[in-house]
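All values below were derived from every heavy atom in this structure, side-chain atoms included, with hydrogens, water molecules and symmetry-related copies excluded. Both counts, for ligands and for their atoms, begin at 1 and track the order of listing.
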Amino acid sequence: MDLGLANKRAIVTGGSRGIGMAIADSLLKDGASIATCARGQEALERTIGHWRDQGATAFGSAVDVSDAEAFASWFESAVKQLGGLDIFVSNVTSMNQYQGIERWKQAFEADLLQHIRATELALPHLKQGNSPSIVYIASIASIMTANMPTETEYGAMKAALISYATQLANKLGKDNIRVNLVSPGPIYHENGFWQGVEKHKPDLFKRAAALSVFNRLGTSQEVANAAVFLASPAASNITGANLRVDGGTIKNVNF
Ligand SMILES: NC(=O)c1ccc[n+]([C@@H]2O[C@H](COP(=O)([O-])OP(=O)(O)OC[C@H]3O[C@@H](n4cnc5c(N)ncnc54)[C@H](OP(=O)(O)O)[C@@H]3O)[C@@H](O)[C@H]2O)c1
């Protein structure tokens, strides 16, 4: 199937490893150009260098999405480099790096507010874009209450993100901007959260795998496949969807 991604211009936040990297990589392979960011410069430069060596049009530099001013300036120059914006994938998370009683504020900033700020930066450009769309990476932690090593705040903020995005889908229909979410279950990748769980809490790792009907964790590529489809013109009549990529971990009927 041709996803219609040739010449599309995309920003993917957090593309130096894991799910963000797989999404950016897949967009590039389908003919899009991308800009991405991360805080760590070295991994980012290595990743972008690898894509460029393969002839892809990839941009990126280090920035912290929580630094509103720096991120706004990063975003504008990324759009300039791309020559416009058709796709925005909001992927960054703090993934449980909160500490102390202030953790709710940290979680609000890292797993909700930065997505909203980034969206407001993206919208004026998406309104001028071709088949514009937004994809947020949420999580099944938003609806799961047991067997998760993730913190309460993380799940609560992901739930708020799903509500925000779904309402946004309704509002942006008039501008022909589609808005969707992907909610992964536990995803294993190099230098990722679950690699740490595998090493330090192997029993928990096995329990998480056993929750999937396939008795394994998912891969970044499996999440990217869903995200890239939803971002693409091939999903032209899909908006307000929250697609689980969790190997059947959530057992309810998904009406
Ligand atoms: N992995 C899972 O099991 C899983 C499950 C469900 C949902 N998800 C969701 O999927 C998304 C990606 O997860 P992942 O496992 O790929 O995450 P990850 O391994 O932590 O990677 C996150 C990416 O974002 C960058 N990043 C983190 N904080 C940033 C900040 N403040 N500013 C700029 N860049 C930042 C990281 O680079 P730097 O550290 O260098 O900044 C990295 O490139 C997240 O929204 C997560 O909640 C993941």
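- When atom types are taken as modelled, the side chain of Arg103 and the backbone of Glu153 share no donor-acceptor pair closer than 3.5 angstrom.
- Look at Ala43 and you'll find every heavy atom at least 4.0 Å from all atoms of ligand 1.
- The ligand atoms of ligand 1 that sit less than 4.0 angstrom from a heavy atom of Gly18 are 16 (O).
- Not one N or O of Cys37 is nearer than 3.5 Å to an N or O of ligand 1, by distance alone.
- The distance criterion of under 3.5 Å between nitrogen or oxygen atoms is not met by Asn191 with respect to ligand 1.
- Around CG of Asp175, the count of heavy atoms belonging to other residues, nucleotides or ligands within 6.0 Å exceeds 12.
- Note: no N/O pair closer than 3.5 Å links Ala38 and ligand 1 by distance alone.
- Summarising the geometry of Phe108 relative to Met157, their closest heavy-atom pair is CA-SD, 3.8 Å, with the distance given to 0.1 Å.
- Counting atoms of ligand 1 from 1 in the listed order, those under 4.0 Å from a heavy atom of Asp64 are 30 (C), 31 (N), 32 (N).
- For ligand 1 and Ala138, the ligand atoms under 4.0 Å from any heavy atom of the residue are 7 (C), 8 (N), 9 (C).
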#### Entry: Test log, rule side chain to side chain donor-acceptor pair (under 3.5 Å), inputs Thr93 and Tyr154
CA-CA 9 Å; Thr93 182; Tyr154 173 77; 4.5 Å; no

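- Between atom 15 (O) of ligand 1 and the options Glu190, His189, Lys158, Gln195, the minimum heavy-atom separation is to His189.
- Under a hydrophobic-cluster definition in which Ile, Leu, Val, Met, Phe, Trp and Tyr are linked whenever side-chain heavy atoms come within less than 4.5 Å, directly or via other members, Leu27 and Leu85 are assigned to different clusters.
- Between Glu69 and Arg117 no salt bridge is recorded (no basic side-chain N to carboxylate O distance below 4.0 Å).
- Taking every heavy atom of both residues into account, Thr239 and Ile177 meet most closely at OG1-O, 4.4 Å.
- Between atom 48 (C) of ligand 1 and the options Ile19, Asp67, Thr13, the minimum heavy-atom separation is to Ile19.
- When side chains are defined from C-beta on, Pro184 counts as touching Ile19, because their heavy atoms get closer than 4.5 Å.
- Of all the heavy atoms of Tyr188, none lies under 4.0 Å from any atom of ligand 1, so neither backbone nor side chain is involved.
- The proximity of Trp194 to ligand 1, defined as any non-hydrogen pair under 4.0 Å, is limited to the side chain.
- Test Ile87, Val79, Leu82 against Arg9 for side-chain contact (heavy atoms from CB on, under 4.5 Å) and you get one pass: Leu82.
- Where the criterion is an N or O separation shorter than 3.5 Å, residue side chain and backbone included, Gly40 meets it with respect to ligand 1.
- Within the listing of ligand 1, atoms 1 (N), 2 (C), 3 (O) sit less than 4.0 angstrom from a heavy atom of Ile187.
- Close N/O approach between Ser139 and ligand 1 is not found [any backbone or side-chain N/O within under 3.5 Å].
- Using a 4.0 Å heavy-atom cutoff, Val63 is listed among the residues neighbouring ligand 1.
- Under the 30°/60° scheme for interplanar angles, the aromatic rings of Trp74 and Phe71 are found to lie parallel.
- The shortest heavy-atom distance from Phe71 to ligand 1 is not under 4.0 Å.
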All N/O donor-acceptor pairs, side-chain side in residues 163-171, below 3.5 Å, sequence neighbours left out:
{"from": "Ser163", "atom 1": "OG", "to": "Gln167", "atom 2": "NE2", "distance (Å)": "3.1"}
{"from": "Thr166", "atom 1": "OG1", "to": "Ile162", "atom 2": "O", "distance (Å)": "2.6"}

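- The closest approach between a heavy atom of Gly185 and any atom of ligand 1 is below 4.0 Å.
- Proximity to Thr93 (heavy-atom distance under 4.0 Å) selects the following atoms of ligand 1: 27 (C), 28 (N), 44 (C), 45 (O), 46 (C), 47 (O).
- Checked by distance only, ligand 1 and Ser16 come closer than 3.5 Å through their nitrogen or oxygen atoms.
- Side-chain contact check for Val213 versus Lys251: some heavy-atom pair is nearer than 4.5 Å.
- The ligand atoms of ligand 1 that sit less than 4.0 angstrom from a heavy atom of Pro186 are 3 (O).
- Which parts of ligand 1 touch Gly14 is read off a 4.0 Å heavy-atom cut-off, strictly below it: atoms 23 (C), 24 (O), 25 (C), 43 (O).
- Between Arg207 and Asp203 there is no salt bridge, since no side-chain N of the basic residue sits under 4.0 Å from a carboxylate O of the acidic one.
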